[in-house]
Amino acid sequence: MTLENVLLVSSVLFAIGLYGALAKSNAIMILMSIEIMFNAVNIAAIAFSRFTVPAGLTDTPITVTQQAVQRALTGQMLSVFVITAAAAEVALGLALVIVVYRQRGTVDVTDLTEMSG
Amino acid sequence: MNSHDIYLISPQIAMAVLAGLIVVIDLVVSDKRLVSAAAILGLAAPLLFTLILWFDAPDDNVGLFGAFVVDKFALFFQILFVGVAAMVFLASTKYQERFEGFRGEFVALMLFSLTGMMLLASARELITMYVALELTSLPAAALVAWLRDDRSSEAGLKFLLMSALSSALLLFGVVFIYGFTGSTFFSEIVTRIADMQATGVLSADEPFGSYALMFGVVLLMLGLAFKLSSVPSQMWVPDVYEGSPTPVAAFLSVASKAAGFAIVLRLIYAALPDPQVSMDTGNLFAVLAAVSMTVGNIAAIRQTNIKRLMGYSTIAQAGYIMVGVAAVAASAEGGGSSSGGPQGVLFYLMGYGFTNLAVFFAIIAITNRTGNDMISSFAGMAKRSPLFAGLLTIGLLSLLGFPPTVGFMGKAFIFSSAVNSGLLWLAVVGMVNSAASAFYYLRIVRTMYLDDADDDKKIGGDIPLTLATGLTATGVVVLGVAPWFLLKFAEIAVEGLAIR
């Protein structure tokens, strides 16, 4: 497994998510597609932090400095923050979807044409 | 985290604590007007801490493990945000009566959003930037849907979906910058890019030195374009402005946009000052600026709803400010302040804050009584409400860039900095667009002064709203006649930015 392979998977996932977010008309499907994009980001972040290990952690014997550990963990930290923020985003998104559904009986964004011009 | 960190972050903590207190006060008091009063008075706390930090100017101004910086640039924006919040609360005391039981939450969410903006102005690390951005936009999405009628909830859902989509784009950009440079700290990104430039990893033939870096920076900027309400993430703006409560539209148009420009300027200065990268970022912004102005102005011409028209006007205004950003980035050595670009941007943002708030407050005052957002309902407003018609006219003239208002001075600074940075074509596009915008701004003025009213009932505002509108409109004129104080303020703020 190389960095390129993982990044390829991540890019494909991101592209699928982007396509879904732009092409789907159901608001929940759009939220799920955006979720796929966030997960593509997570995969890329973890791959970068796994494969670009800073100097000091690859030497033998390993010289563990605080800075080296921080750098090695940045990508994983990023993914934890992304997961948390994405959960908040979806919670609010679903709340708004419910409000819209109660008013219109539909969650199709192509029907959200109260305002246009 | 030690006591020095807490000192540095004290304005943000004060803001968040105030938001929590407001929720508690809302629970215990029965007269809900006290909630608005508490919010306005409570803003003194974050302002006080900001001013202490401004005058104290600690030498060790980087805190929270290097993720957070308190320089005068950040403090300039914090003062702007607190001011905008105070004005919006003052102007919306009457409007908030429509929210019935949810008045405290409305104020609290706005304060949480402001906390995010204040963090954003201070962020010097990509993950911090992302978290601050989310803290800014999530409460805003709830605020947009606050009226809970058909249009408001539709606007809220659109806002949230667009915000989430642009967050995802921004994050993919962040990850690529992190992967390419090995760090998320702006200070380390600078040294890595400089190393790569020195060792020949970056090639002069590829844009941004490397396609990987190009991918990262372009996605990052496209994600931030949502906050700036510029092309290509501008689709949400008209719908959200039309559907959301008017005070929220005023808040978003000024504070949210200023926060976006704060982080963009800091990225250009602190993370991407490499001449080659900076040049290409400048070109990216120049193109986005030209398209934003044109799209905003053309679409605004045929609008009949004044809030929707202000939405398109905001897109065009984002374009003008981005001319200044492009000038900053395009001037060599990562925006030497010699071009006057950064001061111009800060000046314009502050002036735009006064102007747009004055316009929105006058709209609130008039539509509160007419209950109608259509421009046609403003007919004969000069007779029905000479005060608000006059203040609205001042604001619109400033948006148009008519002397002696602050909008004129701002445009003068921004377009001259574009010429200084060799972006003459962009300055010309900006001036042509400015002239074209007269068509729709002056149409509102003409409707108010020349058309006949279908109703002779006088319109007056409540005292806080009149005060807020009067203050902002006075600011527009005073800063237009004597801009030197604000320009000096902006210069001091920019000096802090240039020191890394």
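By convention in this document, chain letters (A, B, ...) are assigned in the order of the sequence lines, proteins followed by strands, and residues within each chain are numbered from 1.
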Could you tell me whether a side-chain N or O of B:S122 sits under 3.5 Å from a main-chain N or O of B:L119, the two making a donor and an acceptor? no
Would you check if the distance from the ring center of B:F159 to the ring center of B:F226 is below 6.0 Å? yes
Any donor-acceptor pair under 3.5 Å from B:S244 side chain to B:V240 backbone: yes
Partner chain B: residue of A:I30, A:V82, A:L18 with the largest heavy-atom pair count (under 4.5 Å): A:V82
Winner by heavy-atom pair count (cut-off under 4.5 Å) against chain A, out of B:L165, B:D150, B:L161, B:T304: B:D150
Test your reading of the model: is there a side-chain donor-acceptor pair from B:T128 to the backbone of B:R124, 3.5 Å cut-off? no
Salt bridge between B:D239 and B:R308, side-chain N to carboxylate O under 4.0 Å? yes
At a 4.5 Å cut-off on heavy atoms, which part of B:S167 comes close to chain A: side chain, backbone, both, or neither? both
Under the side chain to side chain donor-acceptor pair (under 3.5 Å) test against B:S153, which residue among A:R102, A:Q103, A:R104 passes? A:Q103
State the OH-CZ distance between B:Y211 and B:F176, to the nearest 0.5 angstrom. 15.5 Å
Against chain B, label A:V109 side chain, backbone, both or neither, depending on which of its atoms sit under 4.5 Å from a heavy atom there. side chain
Part of B:E134 lying under 4.5 Å from any heavy atom of chain A: side chain
Look at A:A45, A:A88, A:A86 and state which one has the largest set of heavy-atom pairs under 4.5 Å with chain B. A:A45
Counting heavy-atom pairs under 4.5 Å to chain A, which of B:V174, B:T184, B:L157 comes out on top? B:L157
Is B:F172 close to chain A through its backbone or its side chain, or both, or neither, when contacts mean heavy atoms under 4.5 Å? both
Select one option (side chain, backbone, both, neither) describing which atoms of B:A299 are under 4.5 Å from chain A's heavy atoms. neither
The interface call for B:N305 against chain A, heavy-atom contacts under 4.5 Å, is neither
In terms of the angle between their ring planes, are B:F102 and B:W146 parallel, tilted or perpendicular, with boundaries placed at 30° and 60°? perpendicular
Where the side chain of B:S256 meets the backbone of B:S253, is there a donor-acceptor pair that is under 3.5 Å apart? no
At a heavy-atom separation under 4.5 Å, does B:S163 approach chain A through its side chain, its backbone, both, or neither? both
Scored by heavy-atom pairs under 4.5 Å with chain A, the best of B:G243, B:S183, B:G179 is B:G179
Under a 4.5 Å cutoff for heavy-atom pairs, which residue among B:I127, B:L169, B:V131 has the most contacts with chain A? B:I127
Considering only heavy atoms, which portion of B:L135 lies under 4.5 Å from any heavy atom of chain A: side chain, backbone, both, or neither? neither
Let's test your reading of the structure: which of A:G75, A:S33, A:A40 forms the most heavy-atom pairs below 4.5 Å with chain B? A:G75
I'd like to know if the side chain of A:S79 reaches the main chain of A:Q76, judged simply by a donor and an acceptor atom lying under 3.5 Å from each other, with no hydrogens or angles considered. yes
